[in-house]
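A quick note: this is a predicted structure, and the numbers were derived from the prediction, not measured.
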Amino acid sequence: MKKVALLIVTLIIFSLPAYGKDDNVINLGILGYLGTTEKAFQEGFDNLRNVVKPDMLPDDQDAYPFIRSLLEQRHVVHFYNSLMNMMMGLRSGKVDRVMLPMSTANYVLSINSNYEAEKNVLMLPSSLSFAFLEDNVDLKNEFDKVLTAMKEDGTLRALEQKYVKQMGQRVESIKPEFFSGADTITVAVTGDMPPLDMFAGDGNPAGYSTAILAEIGKRLQKNIKFLDVSAGGRSSALYSGRADVVFWCRVTEKMPDMLEEVKKLFTDKPAGVILSVPYYSWDKEVLIKNKEKGGFFNMFRR
């Protein structure tokens, strides 16, 4: 009985509003960047508020909404190692908003009615590339050659149409062709950026990036092997040699020349890493929030 009573009390506590939260800040959930830390990212946000003044921005109020939102209200950054944990953090009230690429935001909103997008859309032009260690430049060059060819012959566009723009509720896994006696390229996948990087119901990789890798393996006549890691484990998988390739997101904020220094905040490329040519890009990040405030029990409402 004591255990049952303790459980009930715990559930009640979690269901109550988060007292002590500072209403003057926005707690922002972000999938952890590889080239920086949560502390450094926070220092960058705070430094931006000290360096940039509203009169430095264009008169157009619709320009640079992300920068304007940072100036208006302090954002406290919370890095997450998985999309699932981050969305649980949003449902439980630990964070007020989460930031996702538009394609991922659309996917999340399509499968869960508990969330909604804020009107303020963050203009964070970004691109997705494959990352390699510097001593693996030959493989990087092979990927560049194939990706360029896929762009020129329309393959990238066709795969994007199928796996991103026409993505449905039913997700099928993608299994690259096997070439007997051929070299194997190990790629770390996280499943944390659907419909780009995700897992199907059978537990195997799916989505746009996986489809591209299958095509790259086919054109290079090499085997593609997937390694399941957390979002925060990509760099260690790459540096340790467990993976030859990882997915890498590059973010560059469009800002006036006078704010060039601020761009360092969005740089996500540590030493020793080289990147392929981009194979996907987007110009909008979306803030997602809960439709209604709630505690523990609302996490399970659909």
Side-chain angles (χ1 to χ4, degrees), residues 29-34 80-87 98-112 115 117 121-122 124-132 143 146-147 150-151 155-176 185 187-217 224 226-235 237-238 243 245-252 266 268-269 275-288:
I30 300 176
L31 283 174
Y33 283 68
L34 297 183
Y80 285 89
N81 281 331
S82 76
L83 178 62
M84 180 180 294
N85 288 340
M86 187 168 73
M87 299 313 295
V98 298
M99 185 170 70
L100 292 170
M102 178 163 281
S103 59
T104 303
N106 289 340
Y107 180 83
V108 169
L109 294 173
S110 72
I111 64 173
N112 196 315
Y115 310 120
V121 176
L122 310 182
L124 282 171
S126 308
S127 62
L128 202 58
S129 298
F130 295 110
F132 314 78
F143 268 56
V146 173
L147 287 171
M150 290 172 65
K151 181 178 181 180
T155 301
L156 284 184
R157 188 182 305 108
L159 292 177
E160 179 181 349
Q161 188 71 22
K162 179 178 180 180
Y163 290 99
V164 180
K165 296 182 177 180
Q166 296 179 349
M167 186 71 174
Q169 294 292 322
R170 184 177 179 181
V171 178
E172 296 183 355
S173 60
I174 299 170
K175 297 181 180 179
I185 302 170
V187 183
V189 296
T190 69
D192 283 317
M193 197 179 285
L196 308 176
D197 175 12
M198 63 190 302
F199 290 100
D202 61 5
N204 290 310
Y208 177 61
S209 295
T210 305
I212 289 177
L213 284 164
E215 181 65 20
I216 290 175
I224 301 295
F226 294 112
L227 176 69
D228 182 8
V229 301
S230 67
R234 286 173 296 163
S235 56
L238 186 63
V245 184
V246 302
F247 302 134
W248 208 280
C249 176
R250 292 187 285 187
V251 182
T252 303
F266 305 104
D268 184 27
K269 182 180 172 300
L275 303 177
S276 73
V277 296
Y279 63 87
Y280 182 73
S281 62
W282 62 92
D283 62 1
K284 293 180 181 178
E285 299 266 343
V286 180
L287 285 178
I288 290 181

Asker: Got Met150 and Ile216 here, is their nearest side-chain heavy-atom distance under 4.5 Å?
Answerer: yes
Asker: Ile212 pairs by side-chain contact (heavy atoms from CB on, under 4.5 Å) with which of Leu147, Val146, Ile174, Leu128?
Answerer: Leu147
Asker: CH2 of Trp248 to CG of Leu275: how many Å apart, nearest 0.5 Å?
Answerer: 7.0 Å
Asker: Please answer whether the main-chain N or O of Tyr280 pairs with a side-chain N or O of Ser127 as donor and acceptor at a distance below 3.5 Å.
Answerer: no
Asker: Identify the heavy atoms of Asn204 and Ser173 that sit nearest to each other, and give their distance.
Answerer: CB-CB, 3.6 Å
Asker: Listed by chain and number, what are the side-chain contact (heavy atoms from CB on, under 4.5 Å) partners of Gln161, not counting sequence neighbours?
Answerer: Lys165, Gln166
Asker: Shortest non-hydrogen contact from Met99 to Met86?
Answerer: O-CE, 4.3 Å
Asker: Could you pull out all residues at least two apart from Phe132 that satisfy ring-ring contact (aromatic ring centres under 6.0 Å, His included)?
Answerer: Phe143
Asker: Start with the C-alpha gap between Thr190 and Val229, add the side-chain angles, then the distance that decides, and say whether side-chain contact (heavy atoms from CB on, under 4.5 Å) holds.
Answerer: CA-CA 5 Å; Thr190 69; Val229 301; 4.1 Å; yes
Asker: When you compare the side chain of Phe247 with that of Met193, does any pair of heavy atoms fall below 4.5 Å?
Answerer: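 Counting from C-beta outward, Met193 and Phe247 never come under 4.5 Å.
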Asker: Give the intermediate values and the outcome of side-chain contact (heavy atoms from CB on, under 4.5 Å) for residues Val189 and Phe199.
Answerer: CA-CA 9 Å; Val189 296; Phe199 290 100; 3.8 Å; yes
Asker: Side chains of Leu100 and Leu83: does their closest heavy-atom pair fall under 4.5 Å?
Answerer: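 Touching, per the 4.5 Å side-chain cut-off.
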Asker: Can you check whether Ala188's main-chain N or O pairs, donor with acceptor, with Arg234's side chain at less than 3.5 Å?
Answerer: no
Asker: Is there a donor-acceptor contact under 3.5 Å from the side chain of Asn85 to the main chain of Tyr80?
Answerer: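 No, because the side chain of Asn85 does not come within donor-acceptor range (under 3.5 Å) of the backbone of Tyr80.
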Asker: So which heavy atom on Leu227 is nearest to which on Ala243, and how close?
Answerer: CD2-CB, 4.3 Å
Asker: Any side-chain heavy atom of Pro194 sitting closer than 4.5 Å to one from Thr104?
Answerer: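 Answer yes - side chains close enough.
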Asker: What is the minimum heavy-atom distance between Ser126 and Glu285, and which atoms define it?
Answerer: OG-OE2, 3.6 Å
Asker: If you round to the nearest 0.5 Å, how far is NZ of Lys284 from OG of Ser103?
Answerer: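 If we round to the nearest 0.5 Å, Ser103:OG and Lys284:NZ are 13.0 Å apart.
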Asker: So, taking the atom named NZ in Lys151 and the one named CG in Leu156, what distance separates them when rounded to the nearest 0.5 Å?
Answerer: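 Lys151 NZ to Leu156 CG: 8.5 Å, rounded to 0.5 Å.
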Asker: At their closest point, which heavy atom of Ala117 faces which heavy atom of Val286, and how far apart are they?
Answerer: CB-CG1, 3.7 Å
Asker: Just wondering, do Leu213 and Phe130 contact through their side chains at under 4.5 Å, heavy atoms?
Answerer: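 Yes, their side chains come closer than 4.5 Å.
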Asker: So, for Met84 and Asp192, which heavy atoms are closest and what is the spacing to 0.1 Å?
Answerer: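 Shortest heavy-atom contact: N-OD1, 4.4 Å.
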Asker: So, taking the atom named CZ in Phe226 and the one named CD1 in Ile185, what distance separates them when rounded to the nearest 0.5 Å?
Answerer: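 Spacing of CZ (Phe226) from CD1 (Ile185) equals 10.5 Å.
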Asker: Going through the distances and angles, do Tyr279 and Ser209 end up as a side-chain hydrogen bond (donor to acceptor under 3.5 Å, both in side chains)?
Answerer: CA-CA 9 Å; Tyr279 63 87; Ser209 295; 2.8 Å; yes
